Amino acid sequence: MDFYERVRFVMNHIPYGKAATYGQIALLCGKPRNSRQVGYALNRRLGGKDLPAHRVVNASGYLSGAASFRTPDTQKKLLEAEGVIVDDENRVDLKRFGWHHALEDALEFREWFEQNGI
DNA sequence: TAGGTGACGCGGT
DNA sequence: CACCGCGCCACCT
């Protein structure tokens, strides 16, 4: 199984206007302890260059990867353009903008990986 | 081969 | 809440 292929697939399912955590992505990829690898993948742009990477924040809601975008405020701008509120501490309220339905898609994702040998 | 790193997360205080 | 320590794991050196 190719972890990065899974990351690409899952990333493309993060809803517009919502923020997913590294842990959620890792979990949906079938590797609940690989949250650090999700960050590694995005930082090195593994799995593709046109992913909605700005929608990924850490478990506390902080835009921990902001420094890896074009400019220090690029991620914040992209999120705000989708209606996501980012406070002056570069943090989003996951209660409001979190991807709360992620687990409900887990089965569908697992089957897709199965059928596509990923 | 051994050791260091980090877009992470959780549990304890 | 915030802060801290520790576990985690694919990748580099």
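Treat the numbers as computed from the prediction; the structure is a model and nothing was measured. Sequence lines set the chain letters: A, B, ... in the order given, protein chains first and strands last, and positions in each chain run from 1.
Counting heavy atoms from C-beta on, the side chains of A:Arg91 and A:Val86 never come closer than 4.5 Å. Using a 4.5 Å heavy-atom cutoff, the side chains of A:Glu5 and A:Phe113 are not in contact. Contact check for A:Ser64 versus A:Tyr22: side-chain heavy atoms found under the 4.5 Å cut-off.
Residue contacts shown for A:Tyr22 include a base, since a base heavy atom lies under 4.0 Å away. Counting non-hydrogen atoms under 4.0 angstrom, A:Tyr4 reaches the backbone sugars and phosphates but no base. Counting any heavy atom pair closer than 4.0 Å across all strands shown, A:Arg33 reaches sugar-phosphate atoms only and no base atom. Within 4.0 Å of A:Asn34, counting heavy atoms only, lie sugar-phosphate atoms of the nucleic acid but no base atom.
When the nucleotides B:dG6, B:dA7, C:dA10 are ranked by their closest atom to the side chain of A:Ser68, B:dA7 comes out on top. Nearest nucleotide to the A:Arg91 side chain, out of B:dA7, C:dC8, C:dA2: C:dA2.
Atom CZ in A:Arg36 sits about 11 Å away from atom C1' in C:dC6, given to the nearest Å. Atom CG of A:Leu42 is separated from atom P of B:dG6 by 17 Å (rounded to the nearest Å). The nearest whole Å value for the distance from the NZ atom in A:Lys31 to the P atom in B:dC8 is 20 Å. Distance, A:Leu46 CG to B:dG6 P: 17 Å, rounded to whole Å. Between the C1' atom of B:dA7 and the CD atom of A:Gln24 lies a distance of 15 Å, rounded to the nearest Å. Between the CG atom of A:Leu78 and the C1' atom of B:dA7 there is a distance of 15 Å, given to the nearest Å. Atom CG in A:Leu27 sits roughly 17 Å away from atom P in B:dC8 (whole-Å rounding).
Ring-plane geometry between A:Trp99 and A:Phe109 is classed as tilted, the angle between the planes lying from 30 to 60 degrees on a 0 to 90 degree scale.
Between A:Ser35 and B:dA7 there is no side-chain N or O to OP1 or OP2 distance below 4.0 Å. For A:Arg44, a side-chain nitrogen or oxygen approaches OP1 or OP2 of C:dC12 to under 4.0 Å. Taking side-chain N and O atoms only, A:Tyr40 has a distance below 4.0 Å to OP1 or OP2 of C:dC12.
With hydrogens and angles ignored, the 3.5 Å screen pairs a side-chain donor or acceptor of A:Gln75 with a backbone N or O of A:His54. Judged by distance alone, the side chain of A:Asp87 and the main-chain N or O of A:Glu89 form a donor-acceptor pair under 3.5 Å.
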Secondary-structure string, 5' to 3', Watson-Crick or G-U under 3.5 Å, | for another-strand partners, for DNA chain C: .||||||.|||||
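In terms of heavy-atom proximity, A:Val92 sits nearest to A:Ala19 at CG2-CB, 4.4 Å.
Both A:Asn58 and A:Gln37 lie close to DNA chain B; mapped to their nearest nucleotides by heavy-atom distance, the more 5′-ward contact belongs to A:Gln37.
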